[in-house]
Protein chains: 4
Amino acid sequence: MTEKQLQIVETALHLFAEMGFDAVSTNKIAQEAGVSEGLIFRHFQNKLGLLNAIMQIGAEKIALFSEQIEILATPEEKIQAVLELPFHIKEDEYPFWKLLNGLKWQNQYYDQTAVAPIRNIIEKAFKDMNYSNPTTETDLILAYTDGLATSILLKSTEVDKNELLKTLRKKYNWILKK
Amino acid sequence: MTEKQLQIVETALHLFAEMGFDAVSTNKIAQEAGVSEGLIFRHFQNKLGLLNAIMQIGAEKIALFSEQIEILATPEEKIQAVLELPFHIKEDEYPFWKLLNGLKWQNQYYDQTAVAPIRNIIEKAFKDMNYSNPTTETDLILAYTDGLATSILLKSTEVDKNELLKTLRKKYNWILKK
Amino acid sequence: MTEKQLQIVETALHLFAEMGFDAVSTNKIAQEAGVSEGLIFRHFQNKLGLLNAIMQIGAEKIALFSEQIEILATPEEKIQAVLELPFHIKEDEYPFWKLLNGLKWQNQYYDQTAVAPIRNIIEKAFKDMNYSNPTTETDLILAYTDGLATSILLKSTEVDKNELLKTLRKKYNWILKK
Amino acid sequence: MTEKQLQIVETALHLFAEMGFDAVSTNKIAQEAGVSEGLIFRHFQNKLGLLNAIMQIGAEKIALFSEQIEILATPEEKIQAVLELPFHIKEDEYPFWKLLNGLKWQNQYYDQTAVAPIRNIIEKAFKDMNYSNPTTETDLILAYTDGLATSILLKSTEVDKNELLKTLRKKYNWILKK
DNA sequence: TATGAATGAGGATTCATTCAT
DNA sequence: TATGAATGAATCCTCATTCAT
C-alpha cells in the first residue's frame with residue numbers, strides 16, 4: 001500500500017467508525033485524507049471496495065489475535081483470553097472494532113467471516129472441557145465478550161477498564177463452572 | 001396517530017432496523033408503506049423527525065419494562081429481570097431493538113436517554129445490596145445484557161433461546177456473588 | 001405526457017440528433033429544456049430510458065408511414081412510395097431520423113425493430129411482382145432510400161430536394177425493371 | 001509510427017467504430033491496446049488528436065482510391081467504379097468506414113474533406129458526359145453509394161455482396177441514362 | 001519512450017425536501 | 001389529509017488529462 005492509499009484507508013476507517021458507512025461521503029473522505037476524490041476509486045474501485053479493504057486489514061489483525069490465543073495451554077486460558085480481548089484492544093484499533101460492530105446491524109454490508117475464527121476457538125475449548133452443551137456455552141461467552149467490547153468501545157472515557165477487569169476476574173471460576 | 005402515520009412508522013422502523021437509517025431513502029419508505037413521499041414530511045417534518053417519532057414510541061415501551069421491573073420485591077430479582085430482558089423481547093419488537101443497537105454506533109443520531117432508566121434500576125439494586133462498587137457491577141450486568149440481546153437479535157434463527165436461558169440461569173448465584 | 005415531459009423529450013431529441021447520444025449530458029438537456037436535472041430521472045428512470053421514450057415515439061410515426069404505404073394499390077406504387085419517403089420527411093421530423101441514423105453505427109444502442117415494417121413492405125412487393133430475388137432487390141431499394149435520406153438529412157441546405165426528386169423519378173422505370 | 005502507436009491507433013479505431021467516439025474512454029483504449037493511458041496523450045496530445053490521426057490515415061486510403069479511379073478511361077467507368085466502391089472495401093477497412101459514417105451524424109466531429117475528392121470525380125464525370133444537371137446526378141450516385149456502403153458495413157453477415165453486385169450491375173445502363 | 005499515480009471537472013443518478021393541487 | 005410533480009444539492013463514480021519517475 002502506498003502512502004496515499006494508507007491515508008485514505010485510515011481516514012475512511014475513522015469516519016466510518018464514528019458516523020457509519022452510509023453517513024460518510026467519498027467527498028468527505030477525500031477532503032479529510034487530503035487527496036482527490038478520484039483517487040479513492042482508482043485504488044479501491046468503489047466505496048464498497050474501500051470498506052472491504054478496511055475489513056480485510058482488520059480481519060488480518062483478528063487472525064493474529066486468534067493465533068496468539070490458540071497457542072495457550074489450557075481451554076480455560078483460551079476462554080479467559082477471549083473474554084478479556086476487549087480489554088486488550090489498543091486505542092488505535094478502536095475505530096476498526098467500532099466499524100465492525102456498527103456494520104453488524106446493517107445486513108447489506110456485514111460479513112462475519114472476520115470474527116469466525118474466534119468462535120471456533122471457544123467452541124473447541126468447551127468441547128475439550130467435555131461440556132455437554134459447548135455451543136450454548138460458546139454463545140454465552142461470546143455474548144459477554146461482545147457486551148464488554150461494546151461497553152469499552154462506546155464509553156471508553158467513562159468506564160474504568162481496570163476496575164471492570166478486576167471485578168470480572170473475580171467471577172471466572174463461576175463463569176466457567178459447568 | 002392515524003392509520004397512514006402508523007404505516008409510515010412501522011415501515012420505516014423495519015427498514016431502518018434492517019438496513020440502517022442512512023441506507024433507507026424516504027422514497028423507499030413511501031413506496032413500501034404505500035403512501036406518497038410528501039406525506040412523510042407533512043407528518044414528521046423531515047427524515048430525522050420520523051426517526052425521533054420511532055424512538056419515542058420505543059422509549060415508551062422501555063419505560064413500561066422499567067416499571068414492571070421496579071415493582072419486583074428484591075434487588076436480586078430486579079437484576080435477574082434485566083439480565084433476562086433480551087429473552088422476553090417479542091419478535092415484533094425486534095426491529096426497534098435492532099435499530100436502537102445500530103444507532104449506538106453512529107454518534108450523529110444516538111440518544112441514550114431511552115435506555116437510561118434501566119441502568120438506574122440496576123445501579124440502585126446493587127447499592128441496595130451494599131456492593132462496594134455498584135457502578136462497575138452495573139457495567140458488567142449491562143454489558144452481559146447487551147451481549148445477550150445482540151446474540152438473540154442477530155442470530156434469532158440459529159440461537160436456541162430456551163437452551164441459552166436455561167444455561168444462563170445456572171450461573172446466577174455466581175454472577176451475583178460479591 | 002405532461003408538458004414538462006414533452007419539453008424534455010423534444011430537447012433531448014434535438015440535442016441527441018445533432019451531437020450524438022453520448023455527447024449530450026443530462027445536465028445540458030435539463031438546462032436547455034428549462035427543467036431540473038432530477039426531473040429527467042423521475043420521468044424516464046435514466047438517460048437510456050429517455051432515449052427509449054424518444055425512439056418509441058418515433059417508431060409510432062414510422063408505423064403510421066407504413067400503414068399509409070400498405071394501402072396503396074400496386075406493388076410498384078409501394079416501392080416508389082418507400083423510395084420517396086426521404087423526400088416527405090417534414091423538417092420537424094428531421095431530428096428523429098438523424099438520431100435513428102446516428103444510432104445505427106453504435107451497436108450498444110441501436111434497435112432496428114422501428115424500421116423493420118418498411119422492409120417487410122418492400123420485400124412483399126417484390127414477391128408480388130414475381131421477382132426471382134426479392135431479398136436482393138429489397139436490399140438495393142432500401143440502400144437507395146437510406147442514401148437519399150442521408151443526403152437530405154445532412155445536406156438539407158445544399159441539396160435541392162425538388163430537383164433531386166424530379167431526376168430520381170425519371171429513372172423509375174429502370175429501377176424497377178427486372 | 002512505432003509499434004505501440006500503431007497498437008493504439010488500431011485499437012481506438014476498432015472501438016470507435018463499434019461504439020462511437022464518445023462511448024469509448026481513453027482508459028478502455030489503453031487497456032485493450034495493452035499500453036498505459038499516459039502514452040496515448042504523449043503521442044496524440046488528446047483524445048481528439050487520436051481521432052484526427054485515425055482520420056488522416058483513412059483519408060490517405062481514400063486518396064489512393066481516388067487516384068485509381070481517376071486514371072480510368074471513360075466517365076462511365078469512373079461512375080461505375082465509385083458506385084462499386086462499397087463492394088471493394090476490404091474487411092480490415094470496415095472499422096474506418098464505420099467510424100466515418102458514424103461521425104457524419106455528430107456535427108462536432110465530422111470533417112468531410114476526406115471524402116470530397118470522390119465527389120469531385122463524379123461531378124466532373126457527369127460534366128464530361130454533358131449532363132444538364134451534373135450536381136443532382138452526382139447527389140443521386142453518391143446517395144446510392146452511401147446507402148450501399150451502409151448496407152454492406154452494417155449487415156455484412158446477412159447481405160450477399162456478390163448477389164447484390166450482380167443485380168446492381170443489371171441496372172447500370174438505366175442508372176446512367178440521361 | 002513509457003508508466004501509472006494523481007487530479008479535478010464533469011458524468012449520471014439519488015436524495016431529502018417543497019409546493020401546487 | 002394526501003398526492004405526486006418538481007427541485008437542486010449532494011451522491012458515487014468516470015473521464016480526459018497531467019506529471020513525477
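Excluded from the calculations below are hydrogen atoms, water molecules and symmetry mates; all remaining heavy atoms, backbone and side chain alike, are included. Chain naming here is simple, since letters A, B, ... match the order of the sequence lines and numbering starts at 1 in each.
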Practice problem: Look at Arg42(C) and dA5(F) and indicate whether a side-chain polar atom (N or O) is within less than 4.0 Å of OP1 or OP2. | Solution: yes
Self-check item: Cation over ring face, Lys47(C) and Phe21(C), 6.0 Å, 45°
Solution: yes
Exercise. Take atom CD of Glu37(C) and atom P of dC12(F), then tell me their distance rounded to the nearest Å.
Key: 17 Å
Exercise. Salt-bridge test for Asp111(C) and Lys104(C): reply yes if a basic N is under 4.0 Å from a carboxylate O, no otherwise.
Key: no
Quiz item: If only side-chain N and O atoms of Ser36(B) are considered, is one of them under 4.0 Å from the OP1 or OP2 phosphate oxygen of dG4(F)?
Solution: no
Quiz item: For His43(C) and dG4(F), is the shortest distance between a side-chain N/O and OP1 or OP2 below 4.0 Å?
Solution: no
Exercise. Determine the minimum heavy-atom distance between Glu37(D) and Asn27(D), stating which atoms define it.
Key: OE2-N, 3.2 Å
Quiz item: If only side-chain N and O atoms of Lys4(A) are considered, is one of them under 4.0 Å from the OP1 or OP2 phosphate oxygen of dT7(E)?
Solution: yes
Quiz item: Of all the nucleotides listed (dT7(E), dA2(E), dG11(E)), which has the minimum atom distance to the side chain of Asn27(C)?
Solution: dG11(E)
Quiz prompt | Partner nucleotide of dC12(F) by Watson-Crick or wobble geometry (both distances under 3.5 Å) | solution = dG11(E)
Quiz item: 5'-most contact on DNA chain E: Phe21(C) or Gly34(A), nearest heavy atom basis?
Solution: Gly34(A)
Quiz item: Any side-chain N or O of Thr26(B) less than 4.0 Å from the OP1 or OP2 oxygen of dA16(E)?
Solution: yes
Quiz prompt | Residue whose nearest DNA chain F nucleotide is more 5′ - Ser25(A) or Ala23(D) | solution = Ser25(A)
Practice problem: Report the residue (Asn46(D) or Gly38(A)) whose heavy-atom-nearest nucleotide on DNA chain F is the more 5′ of the two. | Solution: Gly38(A)
Practice problem: Would you mind pulling out the nucleotide paired to dT21(F), Watson-Crick or G-U wobble, both distances under 3.5 Å? | Solution: dA2(E)
Self-check item: Pair Glu32(D), Thr11(D): side-chain N/O donor-acceptor within cut-off below 3.5 Å
Solution: no
